[in-house]
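Structure first, commentary second.
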Amino acid sequence: MTPDLKVVIAGVEFSNPLMTASGCCGYGEELSEIFPLSKLGGLVTKSITLHPRLGHPTPRTAETSCGMLNAIGLANVGVDKFIAEKIPFLARQKTKIIVNVAGSTIKEYVEVCARLNDCEPIDMVELNISCPNVDEGGMEFGADPKMTEKSIRAVKKVFQRPLIAKLSPNVTSIVEIAQAAEQGGADVLSLINSLVGTAIDIDTWQPRLTNNKGGLTGPAIKPIALAMVDAVYSHCKLPIIGIGGIASAADVVEFMLCGATAVEIGTALFIQPDIPVKIAKDLKTYLKDKKLTSITNLIGKVRKYK
Amino acid sequence: MTPDLKVVIAGVEFSNPLMTASGCCGYGEELSEIFPLSKLGGLVTKSITLHPRLGHPTPRTAETSCGMLNAIGLANVGVDKFIAEKIPFLARQKTKIIVNVAGSTIKEYVEVCARLNDCEPIDMVELNISCPNVDEGGMEFGADPKMTEKSIRAVKKVFQRPLIAKLSPNVTSIVEIAQAAEQGGADVLSLINSLVGTAIDIDTWQPRLTNNKGGLTGPAIKPIALAMVDAVYSHCKLPIIGIGGIASAADVVEFMLCGATAVEIGTALFIQPDIPVKIAKDLKTYLKDKKLTSITNLIGKVRKYK
Amino acid sequence: MTKIISEDIFIVKKRNLKNDYYSLVLKPFSKIENCQPGQFVHLRIPSASIFFRRAFSLADTNAEKGTIEIIFKVFGRGTRILSSFRKSDYLNVLGPLGVPFKLPDKKEKVLIAAGGIGLPPLLYLVAEMVKKGYNPETIEFFYGGKTAADIIERNRIKKMKVNFHPVTEDGSFGEKGLITTPMEEMILENKAEKMKIYSCGPEGMLKAVNELGLKYGIEGQISLEAPMPCGIGLCLGCVVPLVKGGHARVCCDGPVFDIGEVVL
Amino acid sequence: MTKIISEDIFIVKKRNLKNDYYSLVLKPFSKIENCQPGQFVHLRIPSASIFFRRAFSLADTNAEKGTIEIIFKVFGRGTRILSSFRKSDYLNVLGPLGVPFKLPDKKEKVLIAAGGIGLPPLLYLVAEMVKKGYNPETIEFFYGGKTAADIIERNRIKKMKVNFHPVTEDGSFGEKGLITTPMEEMILENKAEKMKIYSCGPEGMLKAVNELGLKYGIEGQISLEAPMPCGIGLCLGCVVPLVKGGHARVCCDGPVFDIGEVVL
Ligand SMILES: Cc1cc2nc3c(=O)[nH]c(=O)nc-3n(C[C@H](O)[C@H](O)[C@H](O)COP(=O)(O)OP(=O)(O)OC[C@H]3O[C@@H](n4cnc5c(N)ncnc54)[C@H](O)[C@@H]3O)c2cc1C
Ligand SMILES: Cc1cc2nc3c(=O)[nH]c(=O)nc-3n(C[C@H](O)[C@H](O)[C@H](O)COP(=O)(O)OP(=O)(O)OC[C@H]3O[C@@H](n4cnc5c(N)ncnc54)[C@H](O)[C@@H]3O)c2cc1C
Ligand SMILES: Cc1cc2nc3c(=O)[nH]c(=O)nc-3n(C[C@H](O)[C@H](O)[C@H](O)COP(=O)(O)O)c2cc1C
Ligand SMILES: Cc1cc2nc3c(=O)[nH]c(=O)nc-3n(C[C@H](O)[C@H](O)[C@H](O)COP(=O)(O)O)c2cc1C
Ligand code: FES
Ligand code: FES
């Protein structure tokens, strides 16, 4: 019997727990030239804002030890063009569609989400209240429990399907923010976004990013993400989508043992774009070896030392 | 002309900006079998507590991508045995001696530092208000500006030489903590300590550390450390000792360009114990290539984008 | 069928062309039939200090043998490690990537402008044109480098029977100076003819070539470089501003762009 | 002069001993004269997925040739990559590390208890004893493995003319069972003689051997494994509890400990 990879989050069924993370798979078109998107449990779009954005000038990425920095600056086509030009393609894919939304004011979040609410193919919205790469707000929402709660409550009023709050790791207590998101009415939590970091070119003495700093992602940050998922799982009832440095089936198992119901894969797609297909295969082998029938048997089952 | 590596911090002269980080060089004896400690600007001891500590059971380290987790649990001989048995050796070394102090109450910090004050060979004390591996307090001091200020002020009363406050990265705003430390009377800031992280064994489903979580260090965290040094340098007047993932002369240059006057090298010693000797040599070559006469010419000279 | 593949393929031939310049021939590449001049592959270099893949233009392909060739110069960490790989080692190759060159009309005069390690895609382009029956005499192959040591694969160029115009900054081989000088002379001498320019090389040279094209109203294409985390359009890390406004991704909207299309 | 060195040394010989077992001979190691049985080297494995060094016991040294030998079994990521290294590749070696075995009196009967990949340090110990003029007939070489495939280097052991007692759990080679059974028989048969035990192997076996020694009052030493980030006493990551209280570092207070010294 092949083990079952299906998971259910906030009533939505995913064929497997593997999604592609926001900003790491565009709007899906390019990835579909590498593998059929039906292989994914879900796809999370690049952050959508009310108006189109070009983002920061190049260089806006830099290589680091087992990871990378980015300060793309929320480059995206804007919500109207997204709905008109990107949704038709996405609607044809046999995978769940999660639209990531960013903004610099609560009003902006609400306006974008209201438009997305009328767009049937969208399964969920993920609220990026944690992007470190825009000055106007992004980050502050996610660092302040009150703002977190308030913004989520406002969006919940206009968006009727499940809402994911994507949390920032750049805080003293992610549990406190998670609880505020729960309070505000979030249905799901996803964590983590990138960690603030920088790198300097020792020849030119300039930062390697035109934005001077950026967000650190990739395998380097996995232990941090895992500890945060573990902490939030212990203190919050909401289902969790684990994110951060995932690049193998073993990584997915670690996140699920710590309490994640599903995961998002980001940076690893840049190194090995077909990695989700391999991970799905390896997960089945792992479950078989462990004589488990469903991947949900892993969720939160870490056996901690007393 | 050989470029000058000398730096001065809080009136103390270091032959070069390279120190070994707390917990990564014991009390110096073992390292002296690899290279003469006079090659170091300074040596920072393992955290000393009032009473001896065995720390957590093995396994208390784990390998991660470009880094490691540790939950040693402040294993150390205790302040009395440290003064009696370790100081005599350290006093003979031609390098600056910095004693790192940890505690779970302000009273404990004060008591340890009072004893160290009577111990002549010690050049500075570094206050570890940021260790993530003890339940009793450590971490909380460093996460709370008020506690930071209070503990430093208390120690300053009993310890007459320069005091370094070692900051935790596990906070929303390290600048706020740095300013509190400055307010409390710290003479120097060192940053960063390790980031909370964990790893799970997917065969046993147990954490890889008996303490369930630990501190992430090594090259993986360098971009985070660098961004924090940069932020603190922009908002604080105190000299900074940069720490986090340093493993090459290029890394040292990055930290100094971002505002560090000196650096501490930790995890890299485990991979290449003689790395400080190589770095000192490479730094001289770099300065020569750049036609700089003193390494202090680098401090804070990053050329940021507007 | 997907258009792009990622697979482990073997080094079947390694040549040290000159000083820091190397050629690697790799096989078997499944997507060999899809490859076109101007496209590149993204190589994974298995090493602790290398995280991103590194992009290398296709320098040649051989459909019968199933081989692709790349030519590189040791520049930084990645290429240094790559140069230590040996025959029968394997590398993970992602490709073929990017938009290829558009071939000229057969009647047009073709000005090739290669600078330094910008040579490989142009070698492939010219080889392909010759194979397709273009008259090599209509191809003017300008190739500039700092010094004689930077002008590699001379025999290979000569064998294609194109008009070879080597140029070095120090005059140690071929004409002294920058390639845009003899190129401009050639343009002025052949005003009547229809021409196309194809260029790849350092940023400064591309800028000059781009301006040359605009100045004399000559169409053509230039191949750009950019930091490329993904190489397939996912990350938006490689963008260049467009003259008409907006951004283009060098990896998948390029690396080949028309003269006058991007802001350099 | 420092006692420990870190240097790049070359693989001069690689042998696949059996299935997943490999031997690497490396040279030139500067500190060859310092090496003693029971000590180990810490190898840096240059790969993206390996951060820590990996510890390997010295399996032999040859002072004239300047070579050291290690024997390993492919276990996880590190050893898998190590097995892909070839002759003339180099590795960074840190060593020699740790406290060596104390040699027995020449009159004592010596019980060697090797389990699985615990063999290498004991091979070196016995070779050294034979070289130093110990009578091989007084050496009882117990060597246990899961199955015949885990009993490697049989000829090498036989050539040393010691009394070889192979034991496998499935009985596919030598006696069937665990080595502590024939060891206990040997102890009971030779009650009058003075004996010493030397052991290295899996944790369960070491525990049983340790108890055997305590039960019959036989002195001896066991060599432990532990996770070893630094291998030289800096990190305190490798500690084991001591019977007398407190902790010892396996890397520099061990890896060799007296029977009865540590809590297993
Ligand atoms: C389309 C294209 C085709 C190319 N064709 C060739 C060719 O045929 N021959 C040739 O020799 N070179 C070619 N290059 C350049 C080649 O990729 C560079 O030599 C290489 O990136 C430098 O690598 P390195 O590892 O040696 O240097 P490094 O010093 O390691 O890298 C140079 C710098 O660029 C950064 N960097 C490297 N790769 C990336 C990336 N993917 N994303 C972001 N930053 C990055 C590094 O972090 C570093 O700061 C091409 C580049 C592109 C974009
Ligand atoms: C003193 C000593 C002598 C040894 N001698 C031999 C020998 O002669 N032959 C032999 O085959 N093996 C020997 N070993 C064991 C050898 O080091 C292991 O095979 C190796 O650590 C497993 O490595 P791997 O990379 O294949 O497995 P992996 O699966 O990569 O590692 C095994 C697990 O251990 C962890 N780990 C590995 N190294 C460390 C470390 N340094 N610190 C913390 N965690 C770590 C990894 O993270 C992983 O979880 C010895 C070990 C010690 C301590
Ligand atoms: C190039 C890049 C762009 C990103 N853009 C976004 C974004 O627009 N919105 C968002 O919520 N997260 C964004 N992220 C963060 C990822 O979704 C993810 O949270 C993070 O990369 C950690 O996962 P990883 O380590 O698997 O990459 C981006 C990450 C990268 C690397
Ligand atoms: C094994 C280990 C033990 C440590 N013990 C201490 C300690 O006792 N006190 C302290 O202030 N920091 C301790 N640290 C943190 C380091 O001093 C340093 O801040 C951190 O490792 C980041 O630097 P690195 O990336 O160069 O290792 C320890 C780090 C490691 C890896
Ligand atoms: S390199 Fe990622 S979009 Fe071009
Ligand atoms: S391995 Fe670091 S102290 Fe033993």
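Quick note on labels: first sequence line is chain A, next is B, and so on, each numbered from 1. Note that these values count all heavy atoms, side chains included, but never hydrogens, waters or copies made by symmetry.
- The number of heavy atoms from other shown groups lying within 6.0 Å of NZ (K18(C)) is above 12.
- Looking at T267(A), only its side chain comes within 4.5 Å of chain C, counting heavy atoms on both sides.
- The two residues P273(A) and L94(C) come nearest to each other via the heavy atoms CG-CD1, 3.7 Å.
- Atom CD1 of I271(A) and atom OG of S6(C) lie 11.5 Å apart (nearest 0.5 Å).
- Within 6.0 Å of CZ in F89(A) there are more than 12 heavy atoms belonging to other residues, nucleotides or ligands.
- Residues satisfying the salt bridge (Lys or Arg N to Asp or Glu O under 4.0 Å) test with E264(A), not counting sequence neighbours, are none.
- Put simply, the side chain of Q272(A) reaches to within 4.5 Å of the side chain of N92(C), judged on heavy atoms.
- Within a 6.0 Å radius of CD in E219(C), no more than 12 heavy atoms belonging to other residues, nucleotides or ligands are found.
- Counting heavy-atom pairs closer than 4.5 Å to chain C, the top-ranked of the candidates P52(A), G266(A), C66(A), G67(A) is G67(A).
- Against chain A, the residues from residues 230-245 of chain C that qualify, each with a non-hydrogen atom under 4.5 angstrom away, are C230(C), I232(C), G233(C), L234(C), C235(C), L236(C), G237(C), C238(C), V239(C) in number order.
- Legend: ring-ring contact (aromatic ring centres under 6.0 Å, His included) pairs involving residues 66-86 of chain C, not counting sequence neighbours, sorted by first then second residue: Y22(C)-F72(C), F56(C)-F72(C).
- Neither the backbone nor the side chain of A220(A) comes within contact range of chain C; no heavy atom of the residue lies under 4.5 Å from a heavy atom of that chain.
- The pair E30(A)-R249(C) meets the salt-bridge criterion, since a charged nitrogen lies less than 4.0 angstrom from a carboxylate oxygen.
- Residues of residues 198-209 of chain C having a heavy atom under 4.5 Å from any heavy atom of chain A: none.
- Interatomic distance, E63(A) CD to R53(C) CZ, rounded to the nearest 0.5 Å: 12.5 Å.
- More than 12 heavy atoms of other residues, nucleotides or ligands shown are found within 6.0 angstrom of NZ on K14(C).
- Atoms OG and CZ, on S65(A) and F51(C) in that order, are 10.5 Å from each other to the nearest 0.5 Å.
- For the atom pair T58(A) OG1 and H247(C) NE2, the distance stands at 6.5 Å (nearest 0.5 Å).
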